[in-house]
Amino acid sequence: MPKTSARLLALLSLLQARRDWPGRLLAERLEVSPRTVRRDVDRLRELGYPIAAFKGPDGGYRLDAGAQLPPLLFDDDQAVALAVALRTAAATGAGIGEAAARALTTVRQVMPARLRHRVDALRVTAVERTGGPPRPQADPRVLVTLSAAVHAREVLRFDHSPGYAPPPAEAPPAVRRVEPHRLVTWGGRWYLVAWDLDREDWRTFRADRITPRAPTGPRFTPREVPGGDVAAFVAARFQGSDAPGDWPCRGEVILDAPASAVAGHIRDGSVEEYGPDRCRVVLGAWSWAGLAAELGRFDADIEVVGPDALRDAFARLARRCAAAAGAGPGGPQGPTSHFAALLRTSGRVAERDRSGATARSSSPNRPLG
């Protein structure tokens with residue numbers, strides 16, 4: 001039989017691993033009698049662990065949440081995972097950086113030397129994006145309030161400040177009434193996904209712009225987000241589409257550049273080789289003009305495979321870039337950038353494609369339509 005201290009630690013570890021433990025099963029796992037399990041449970045209670053007993057054919061024990069936080073037990077992997085999470089907490093956008101640092105100090109003090117060395121070797125610095133204002137942090141208390149409303153399935157009322165400064169004469173925004181569905185994080189910011197009762201549509205609200213109002217409203221029956229997948233729904237909304245899984249605008253081009261040079265700069269798209277030093281790119285964007293600009297940033301000639309909306313976007317963008325470079329009507333005739341010249345070439349290609357003068361029978365795949 002193991003010593004009492006080792007047995008207590010083993011018992012506590014088992015109680016933390018699952019919610020309910022039949023007493024008989026605990027005795028078998030610890031290789032002791034049910035009477036010894038009862039005595040060890042009493043010892044843990046004296047140390048501050050709220051362990052409840054339940055009756056029945058498989059009567060046993062469960063570790064409940066208590067009013068005070070007793071000493072916790074972590075294995076090596078759990079301790080390191082906790083330290084990593086606390087070190088990176090400042091980058092989550094939840095405004096808990098200072099509290100996470102204090103918690104990490106507390107956890108580190110009780111770690112054995114072998115784990116403390118592993119944790120100290122991990123150095124993480126959260127770097128904000130440059131070229132813009134600091135990213136607002138969500139108030140942890142607001143996050144807790146939103147999460148509680150989601151869990152309780154209660155209608156939530158709150159003020160939501162706009163992302164711009166409204167004119168002084170503009171009336172203050174009305175109180176929003178929503179059925180909160182899920183709290184999500186995206187790109188270092190926190191959002192509330194909810195059904196807006198007044199607009200009768202799904203909305204995503206920035207958590208750092210929410211000021212909850214008390215009390216909460218009545219309980220509701222949860223709705224299912226379009227598509228049934230919250231992550232896919234949120235991703236689609238940020239792509240500018242209501243249909244999960246894809247951008248609203250997707251096109252296909254041939255770039256006069258090696259696939260190896262292009263693949264590292266393509267997100268949410270595909271790149272494949274297409275002959276010597278050429279590649280086929282399929283890419284999506286929130287608009288056709290945005291897609292044309294995204295493809296135009298490569299220092300390579302472009303052949304549009306399809307659809308026609310992408311050709312039209314290249315033509316419009318070519319005219320705008322030419323005018324901006326001083327080559328438009330009424331502007332000075334000076335040197336233009338390679339980007340403007342490239343877009344003008346793409347615009348001429350688009351015009352020839354629409355007139356039917358150029359055929360692309362050599363393309364192995366059918367154009368997107």
Side-chain angles (χ1 to χ4, degrees), residues 88 91-93 124-135 185-189 231-232 234-241 243-325 335-350 353 360 362-369:
T88 57
T92 63
V124 179
T125 301
V127 179
E128 289 288 341
R129 293 183 301 175
T130 59
R135 178 169 294 175
T185 177
W186 173 280
R189 284 195 174 101
V234 173
R237 280 297 173 100
F238 280 99
Q239 291 173 344
S241 172
D246 202 0
W247 292 95
C249 303
R250 184 169 289 273
E252 181 176 354
V253 301
I254 304 298
L255 291 181
D256 282 349
S260 59
V262 175
H265 304 282
I266 293 294
R267 297 181 303 169
D268 297 329
S270 62
V271 181
E272 62 181 32
E273 292 184 1
Y274 188 78
D277 296 331
R278 303 185 79 198
C279 64
R280 178 187 297 273
V281 177
V282 178
L283 189 63
W286 61 275
S287 71
W288 292 114
L291 180 56
E294 178 75 8
L295 292 167
R297 66 191 175 97
F298 293 100
D299 188 14
D301 290 337
I302 304 173
E303 177 183 338
V304 179
V305 177
D308 288 339
L310 179 56
R311 297 189 180 95
D312 295 337
F314 268 116
R316 292 194 303 272
L317 198 56
R319 292 191 295 269
R320 292 169 184 162
C321 289
T336 60
S337 67
H338 170 80
F339 182 63
L342 172 64
L343 290 177
R344 288 201 304 275
T345 301
S346 300
R348 290 194 294 269
V349 170
D353 285 341
R360 292 188 175 89
S362 58
S363 177
N365 293 340
R366 296 176 58 188
L368 299 181

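This is a predicted model, so every value here is computed, not measured.
If you take CH2 on W288 and CG on D308, they are separated by 9.5 Å, rounding to the nearest 0.5 Å. Remark: L295 CG to E252 CD distance equals 11.0 Å, nearest 0.5 Å. Note that OH of Y274 and CG of D256 are 10.5 Å apart. Values are rounded to the nearest 0.5 Å.
Legend: salt bridge (Lys or Arg N to Asp or Glu O under 4.0 Å) pairs involving residues 281-296, not counting sequence neighbours, sorted by first then second residue: E294-R297.
Between V304 and V253, the shortest heavy-atom distance links the atoms CA-CG1, 4.1 Å. Nearest heavy-atom pair, A257 versus V262, reported as atom, atom and distance to 0.1 Å: CB-CG2, 3.9 Å. Nearest heavy atom pair, residue R250 against residue P307, reads O-CD, 3.7 Å.
Shown here are the side-chain contact (heavy atoms from CB on, under 4.5 Å) partners of A259, two or more places apart in sequence or in another chain: V271, E273, C279. In this structure D277 satisfies the side-chain hydrogen bond (donor to acceptor under 3.5 Å, both in side chains) test with no other residue, sequence neighbours excluded. Under the rule for a side-chain contact (heavy atoms from CB on, under 4.5 Å), the partners of R316 that lie at least two apart in sequence or sit in another chain are D312, A313, R319, R320.
Inter-residue side-chain proximity for I302 and L255 is flagged as met; some heavy-atom pair is nearer than 4.5 Å.
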